[in-house]
2 protein chains.
Amino acid sequence: MSTDTRDRLLHGTIEALRTQGIAGVSARTIAAAAGVNQALVFYHFGSVDELLAAAAIWSTEQQVAGYRERFGRVRTLRELQRVGRELHLRESANGNVTVLGQMLAGAQTNPAFAAATRDALGLWTVEIEQVLTRVLADSPLGEVADVPGLARAVAASFIGMELLAAVDPEGDQAAFRALDQLGALLEYLDDLGPAARVAARRAVRTAVRRSVRA
Amino acid sequence: MSTDTRDRLLHGTIEALRTQGIAGVSARTIAAAAGVNQALVFYHFGSVDELLAAAAIWSTEQQVAGYRERFGRVRTLRELQRVGRELHLRESANGNVTVLGQMLAGAQTNPAFAAATRDALGLWTVEIEQVLTRVLADSPLGEVADVPGLARAVAASFIGMELLAAVDPEGDQAAFRALDQLGALLEYLDDLGPAARVAARRAVRTAVRRSVRA
DNA sequence: GTCTATATTTAGATAGAC
DNA sequence: GTCTATCTAAATATAGAC
């Protein structure tokens with residue numbers, strides 16, 4: 001069956017990216033992971049690169065769908081951090097986010113990968129934007145924050161942390177603790193009185209103007 | 001001359017990583033970029049992998065040294081953001097930080113790379129720790145912050161943003177603007193009165209305990 | 001749609017002349 | 001230390017039988 005083989009190849013590509021990295025994937029390693037003949041890579045996807053690009057988007061779609069419900073329940077920054085930590089722990093273990101990191105590395109020198117990786121990242125940022133909009137709704141940040149920009153910063157940082165975790169697990173844990181502290185500080189701002197919040201808004205707006213000039 | 005050839009190979013390796021990525025480097029592409037014979041890769045470094053690891057550390061040492069003076073002058077979060085933005089702009093253009101991203105991608109499936117990349121990242125985090133210690137000295141964060149953890153979060157996020165910039169330049173700019181806003185909010189905390197700062201410290205400490213439990 | 005066989009290119013690595 | 005020549009393994013990709 002054609003769709004079955006296509007699916008096996010997509011699965012096999014992710015598996016190969018996980019275990020071999022972007023530098024080690026090949027039609028043969030993918031086919032071996034997929035349990036199909038090597039020539040089928042070219043029959044179904046034309047080339048290894050096209051399969052990699054297709055697999056990146058396919059895999060990200062599935063992952064994002066798996067977290068959509070959980071994201072939808074997030075109402076506070078604390079909950080968002082909690083989900084982020086869960087996601088980090090689970091995906092560090094199964095290596096699915098690392099796959100995006102591998103694609104991102106390949107994308108630096110491959111325009112076709114760049115488009116696919118941008119689209120895959122976009123699937124995450126769309127979700128993160130929605131969550132951030134809710135979370136920041138009644139915070140001083142919410143009224144002036146560049147939510148799309150913040151969502152991209154979160155996604156990029158997350159992938160950086162995911163890549164870090166593999167080479168320095170203790171450093172990664174320390175980094176996550178530090179980000180929890182940062183979140184606590186931001187939440188604290190929500191508990192301030194009206195006068196302080198006005199001042200906080202002013203500070204943020206000033207920074208916005210400053211960064212626009214820069 | 002031996003040292004000359006070694007240097008050419010190190011230079012050539014970085015150049016090859018920049019233009020071909022971790023997936024495209026080979027003894028031949030490196031030798032071509034270095035302008036030396038391909039066999040010299042193995043004579044001087046034993047293997048392509050060993051050369052890549054050596055080049056990652058060598059290149060990072062040089063880069064970090066080039067920013068040490070500038071880092072030393074940073075006294076406020078605002079200045080740190082400014083230097084970070086400069087660094088991002090310059091290194092996006094010359095692609096040197098992307099090289100660390102490429103090594104990080106390769107490190108996910110190569111233990112020897114993992115050690116080299118951890119060491120190279122360590123060169124950055126050592127500097128960032130010093131700057132953060134100064135910058136946070138008289139902020140509520142300074143007294144409870146996990147500065148080493150924060151430094152690693154900054155380094156990892158920076159590399160993530162660097163990788164993002166190549167696939168989504170507009171998204172990358174928006175992300176940097178959003179981080180500027182975040183910095184402004186944190187600076188605002190420094191301008192709070194004594195009572196508010198005590199409360200902020202308490203909020204951060206609570207978060208620390210919370211994250212230790214998690 | 002799938003498999004075998006194969007053409008072609010490129011990779012890492014080494015032997016040996018200079 | 002450097003270069004040429006070369007071995008071997010592995011890569012992409014395709015033709016053609018089934």
Side-chain angles (χ1 to χ4, degrees), chain A residues 1-56 58 102-103 105-113 116, chain B residues 1-56 58 99 102-103 105-114 116:
Chain A
M1 230 160 283
S2 167
T3 45
D4 184 52
T5 299
R6 279 183 66 95
D7 264 27
R8 294 174 78 93
L9 279 170
L10 291 168
H11 267 116
T13 303
I14 301 304
E15 177 65 19
L17 271 178
R18 242 197 300 262
T19 57
Q20 321 276 338
I22 188 72
V25 286
S26 72
R28 282 171 167 84
T29 56
I30 289 172
V36 304
N37 188 279
Q38 170 260 153
L40 294 174
V41 167
F42 304 95
Y43 176 80
H44 285 286
F45 292 93
S47 71
V48 174
D49 280 8
E50 285 174 270
L51 172 52
L52 283 167
W58 171 84
Q102 296 293 331
M103 278 298 293
Q108 308 291 310
T109 58
N110 183 327
F113 283 8
Chain B
M1 231 159 283
S2 166
T3 46
D4 185 52
T5 299
R6 279 183 66 94
D7 264 28
R8 294 173 79 94
L9 279 171
L10 290 168
H11 267 115
T13 303
I14 301 303
E15 178 66 20
L17 271 178
R18 242 197 298 263
T19 57
Q20 321 276 338
I22 189 72
V25 287
S26 72
R28 283 170 168 86
T29 56
I30 289 172
V36 305
N37 188 281
Q38 171 259 153
L40 294 175
V41 166
F42 304 96
Y43 176 78
H44 284 287
F45 292 93
S47 73
V48 174
D49 280 7
E50 285 174 90
L51 172 51
L52 284 167
W58 170 84
V99 166
Q102 296 294 331
M103 279 297 294
Q108 308 291 309
T109 58
N110 182 328
F113 282 7

How many whole angstroms separate atom CG of B/D4 from atom C1' of D/dT2?
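That distance rounds to 13 Å.
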
Summary of ring-ring contact (aromatic ring centres under 6.0 Å, His included) pairs that have at least one residue in residues 11-34 of chain A, sequence neighbours excluded:
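Every ring-ring contact (aromatic ring centres under 6.0 Å, His included) pair that includes a residue of residues 11-34 of chain A, provided the two are not neighbours, is A/H11-A/W58.
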
Are A/Y43 and A/T5 close enough that some pair of their side-chain heavy atoms sits under 4.5 Å apart?
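No - every pair of side-chain heavy atoms lies 4.5 Å or more apart.
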
Going from OG1 on B/T13 to CD on B/Q20, what distance comes out if it is rounded to the nearest 0.5 angstrom?
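Going from OG1 on B/T13 over to CD on B/Q20, the span is 12.0 Å.
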
Partners of B/A56 by side chain to side chain contact (heavy atoms under 4.5 Å, CB included), sequence neighbours excluded?
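Side chain to side chain contact (heavy atoms under 4.5 Å, CB included) list for B/A56, sorted by chain: B/M103.
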
Nearest-angstrom distance from the residue atom CZ of B/F45 to P of C/dT14:
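One finds 16 Å between P of C/dT14 and CZ of B/F45, rounded.
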
Report all side-chain donor-acceptor pairs from residues 47-54 of chain A shorter than 3.5 Å, counting only partners two or more places apart or in another chain.
{"unit_1": "A/S47", "atom_1": "OG", "unit_2": "A/E50", "atom_2": "N", "d": "3.2"}
{"unit_1": "A/S47", "atom_1": "OG", "unit_2": "A/E50", "atom_2": "OE1", "d": "3.2"}
{"unit_1": "A/D49", "atom_1": "OD2", "unit_2": "A/N110", "atom_2": "ND2", "d": "3.1"}

Protein-proximity profile, nucleotides 13-18 of chain D, B/S/- by nucleotide at the 4.0 Å heavy-atom cutoff, equals BB----

Can you measure A/L40 atom CG to C/dT4 atom P for me and round it to whole angstrom units?
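So the CG-P distance, A/L40 to C/dT4, works out to 10 Å.
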
Restricting to salt bridge (charged side-chain N to carboxylate O under 4.0 Å, His left out), what partner residues turn up for B/R18, sequence neighbours left out?
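Here the qualifying residues are B/E15.
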
Can you list, by residue number, the residues of residues 9-27 of chain A that have a non-hydrogen atom closer than 4.0 angstrom to DNA chain C?
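The stretch gives none, as no residue of it lies under 4.0 Å from the strand.
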
Rounded interatomic separation in angstrom, taking CG from B/D7 and P from D/dT2:
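In whole Å, D/dT2 P lies 12 Å from B/D7 CG.
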
When you measure from the side chain of A/Q102 to the backbone of A/I22, do you find a donor-acceptor pair of N or O atoms at a distance under 3.5 Å?
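Answer holds: yes.
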
For the atom pair CG (A/D4) and CG (A/L9), what is the distance rounded to the nearest 0.5 Å?
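Reported to 0.5 Å precision, the distance equals 9.5 Å.
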
